[in-house]
Number of protein chains: 2
Amino acid sequence: MTLQHDPRQNHLLAALPRDEYENLAPHLERVDLTLGDSLVESGKVMRHVYFPTDSIVSLLCVMEDGDSTEIAVVGAEGIVGISLFMGGETTPSRAIVQSAGTAYRVKGQVIKDEFYRAGPLQGLLLRYTQALLTQMAQTAVCNRHHSLDQQLCRWLLLSLDRLPTNELIMTQELIANMLGVRREGVTESAGKLQKAGLISYHRGRITVLDRLGLEARVCEC
Amino acid sequence: MTLQHDPRQNHLLAALPRDEYENLAPHLERVDLTLGDSLVESGKVMRHVYFPTDSIVSLLCVMEDGDSTEIAVVGAEGIVGISLFMGGETTPSRAIVQSAGTAYRVKGQVIKDEFYRAGPLQGLLLRYTQALLTQMAQTAVCNRHHSLDQQLCRWLLLSLDRLPTNELIMTQELIANMLGVRREGVTESAGKLQKAGLISYHRGRITVLDRLGLEARVCEC
DNA sequence: ACGCTTCCGTGCGTTAGCGTACAAAGTGCC
DNA sequence: GGCACTTTGTACGCTAACGCACGGAAGCGT
C-alpha cells in the first residue's frame, strides 16, 4: 500500500492538472526527513526543491553569532527552496526539519524548466511565494509586539495546522531555538499553558488538549 | 529638461532591454509622492504598481490594534505592489511614502500582461522579489535580537542607501512608528548618535555626518 | 542497579524597552 | 510680540525577557 506516501498529499502537487503532474512525476524522488535535518544551509548552493507531505520544515534566519529566528513554517501546503526558481541559487536562510516525515524532491534544473514553461505550476508557485511573504510579515510584527506566551501559542498552532495528529515531538530547547528566545522562557510559558489545561508535555512530546483554548490566547497573527 | 525625471532612474526599468522598455513606456505614469502618502492600504485592492525613482517607500505590516512594524524599504532599486503579479490582489501590508519624491506607476493589468509574457521583466521582478524576501528575513531577525540603537542605525543606513543626499526629512515620531517602538526610545537612541557625532538632527531633519561610524555600530543585517 | 545524558523546573539579579506624564525648545501664524 | 502647535528631552516606576547557575527527574545503556 503505497498510497500512504502519495506525493499528491502535498497541496501544490495536488493542485496540478493530471497531465502536468504526470509530467513531473518521474522526477519526484521520495526522501524521509528526520528531525533536525538541514535541507538548506544558509549561503550554500541548493540542488533540490522539496515538497513536504507529512513533514514540517522551519525556515530560519541565522546570524553570524549563531542567533537565529524562525521566519516561516512550511508543511504540505508549500515547498522549500523557493529561491531556486525565483532566481539566485542561495538563500540567507536555513531550512530545518521540525517534524520528521516524508517529502518529495526534484532537481533544481527540473523545477526551473517547469517553472519557466509558464504552465499552471508557475502560477501555483508564485501564489505560494506570496503567501510565504505574508507569513513572514506576520512573524516579524508578532516578534515585535507580542508576548512570548502568545508567540508560543501561535507557533503551536502553526505546527498543529500542518500535522495529522495533535502531538508534537519537540523539546523546549528546540522550540526556543526556533523562536529565537531563551529555553527558560519557553519552560515558563509552556508551564502556564499546561496549568491552564491547554497542552500537556513530557520530555519532548507535546500534546495539544484544547485547540480552541490556544486560539483564544493567540494574537490575530 | 525632463531628464531629471527619467523613469529609468529606477533600476528595474533601467535593466530592461531598450525594446522592452519602449514597450512599457507609454503606460508609465509619473506621480509625485509626498511624505505619508499611502500607496497600498492593507487589504484593499491595488490598481497600480509603483517604480520609485527618487522616492522611498516603506512596507509596513499593520495589526488590528494599530501597532505596526516596517518589514521592508523600497527605493529606486525596486517596485511596490509585488502581489499584483504574484497573484492575489491584496496584501496584508501597507505601503507608506517615507521620503517624498517621484515614482512611475503602471496599471495592474499592464504589468500582469508583461509579466506573464515571460520576457526579461519577469526575471527581473522575480529576482527582486527574492531580494525583498531576504530583506524581510533580516528585518525579522534584527527585530528579535538587536538593540534599538542598532536597529536605528540599520534604518538610517537603509534609507541613506536610497537617497541622493545625506539628509532625511523624518521626525522621531515617524521613525518610531516605522520601527514599531516608542517615540522616546528613538529620542534616546538618536541622542546617543548625535552625541557621538554621527548624525545631527533638528526638528524632523536628520543629517548623517559619519556614515562609516554608523556602519561600525550597526549589526550585520 | 548503576551511572550518564537529556530534558525540564526554579530562582536569582540585571537590563532594555514600555507607559505615562510633563517640561522645554523651536516654528508658524496672526 | 503673542499664541498655538509640533517636536524633542527627561524622569520614574514597571514588566518581560535575559544570562546564569543549579537541582531534580526521566529515560537509556550496560
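Side chains are part of it too, since the values below use all heavy atoms of this structure and drop only hydrogens, waters and symmetry mates. Just so we're on the same page: letters track the sequence lines, and every chain starts at 1.
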Between A:His5 and A:Thr53, does any side-chain donor sit less than 3.5 Å from a side-chain acceptor?
no
Count the heavy atoms of every other residue, nucleotide or ligand shown that sit under 6.0 Å from CD of B:Glu188, and state whether that count exceeds 12.
no
How close or far is atom P of C:dC7 from atom CD1 of A:Ile206, stated in whole angstroms?
12 Å
Rounded to whole Å, how long is the line connecting atom CG of B:Asn143 with atom C1' of D:dA17?
16 Å
Determine whether a donor-acceptor pair (N or O, by modelled atom type, separation under 3.5 Å) exists between the side chain of B:Arg8 and the backbone of B:Ala14.
yes
Would you say the side-chain atoms of A:Arg154 and A:Thr139 include a donor-acceptor pair closer than 3.5 Å?
yes
Distances for protein N/O vs nucleotides 14-16 of chain D N/O pairs under 3.5 angstrom?
none

Heavy-atom donor-acceptor pair, A:Gln9 side chain to A:Ala76 backbone, under 3.5 Å:
no
Quick check on D:dG9: is either OP1 or OP2 less than 4.0 Å from any side-chain nitrogen or oxygen of B:Tyr201?
yes
When rounded to whole Å, the NZ to C1' distance for the pair A:Lys195 and C:dC8 reads 13 Å
Note down the inter-axis angle between the two ends of the helix from C:dA1-D:dT30 to C:dC30-D:dG1, five pairs each, to the nearest 10°.
30°
CD of A:Glu188 versus P of D:dC18: gap in Å, rounded?
10 Å
In whole angstroms, how far is the P atom of C:dA16 from the CG atom of B:Leu152?
16 Å
B:Glu184 atom CD, over 12 foreign heavy atoms within 6.0 Å
yes
Measuring from A:Cys61:SG to A:Glu70:CD, what's the distance to the nearest 0.5 Å?
12.0 Å
d(A:Gln98 CD, A:Leu168 CG) to nearest 0.5 Å is 7.5 Å
Rounded distance (Å) that lies between atom P of C:dC18 and atom NE2 of A:His145:
9 Å
Check: protein-nucleotides 27-30 of chain C nitrogen or oxygen pairs below 3.5 Å:
unit_1 : atom_1 : unit_2   : atom_2 : d
C:dT27 : OP1    : B:His202 : NE2    : 3.1

Positions of residues 171-186 of chain A (non-hydrogen atom under 4.0 Å from DNA chain C), listed by number
A:Thr171, A:Gln172, A:Arg183, A:Glu184
When rounded to whole Å, the CZ to P distance for the pair B:Arg205 and D:dT6 reads 18 Å
Can you tell me if B:Ser55 uses its side chain to pair, donor with acceptor, with the backbone of B:Thr102 under 3.5 Å?
yes
Between A:Asp149 and B:Gly204, name the one whose nearest nucleotide on DNA chain D is closer to the 5' end.
B:Gly204
Can a donor-acceptor pair be found, under 3.5 Å and without considering hydrogens, that links the side chain of B:Gln151 to the backbone of B:Cys142?
yes
For residues 211-221 of chain A, tabulate all N or O donor-acceptor pairs below 3.5 Å that involve a side-chain atom, not counting sequence neighbours.
unit_1   : atom_1 : unit_2   : atom_2 : d
A:Arg211 : NE     : A:Glu215 : OE2    : 2.7
A:Arg211 : NH1    : A:Asp161 : OD1    : 3.2
A:Arg211 : NH2    : A:Asp161 : OD1    : 2.9
A:Arg211 : NH2    : A:Glu215 : OE2    : 3.2
A:Glu220 : OE1    : B:Glu64  : N      : 3.2
A:Glu220 : OE2    : B:Glu64  : N      : 3.1

Kindly give the atom pairs (protein nitrogen or oxygen, nucleotide nitrogen or oxygen) under 3.5 Å for nucleotides 28-30 of chain D.
none

Taking atom C1' of C:dC18 as reference, at what distance in whole Å does atom CG of B:Asp65 sit?
14 Å
For the CD1 atom of B:Ile56 and the CD1 atom of B:Ile96, what is their distance to the nearest 0.5 Å?
14.0 Å
Is the backbone N or O of B:Gly78 less than 3.5 Å from a side-chain atom of B:Asn10, with the two atoms forming a donor-acceptor pair by type?
yes
Would you tell me whether B:Ser189 and B:Asp149 have side-chain atoms, one donor and one acceptor, within less than 3.5 Å of each other?
yes
Distance col, row B:Asp54:CG vs B:Arg162:CZ, nearest 0.5 angstrom, shows 14.0 Å
For the side chain of A:Arg144 and the backbone of B:Leu179, is there at least one donor-acceptor N/O pair under 3.5 Å apart?
yes
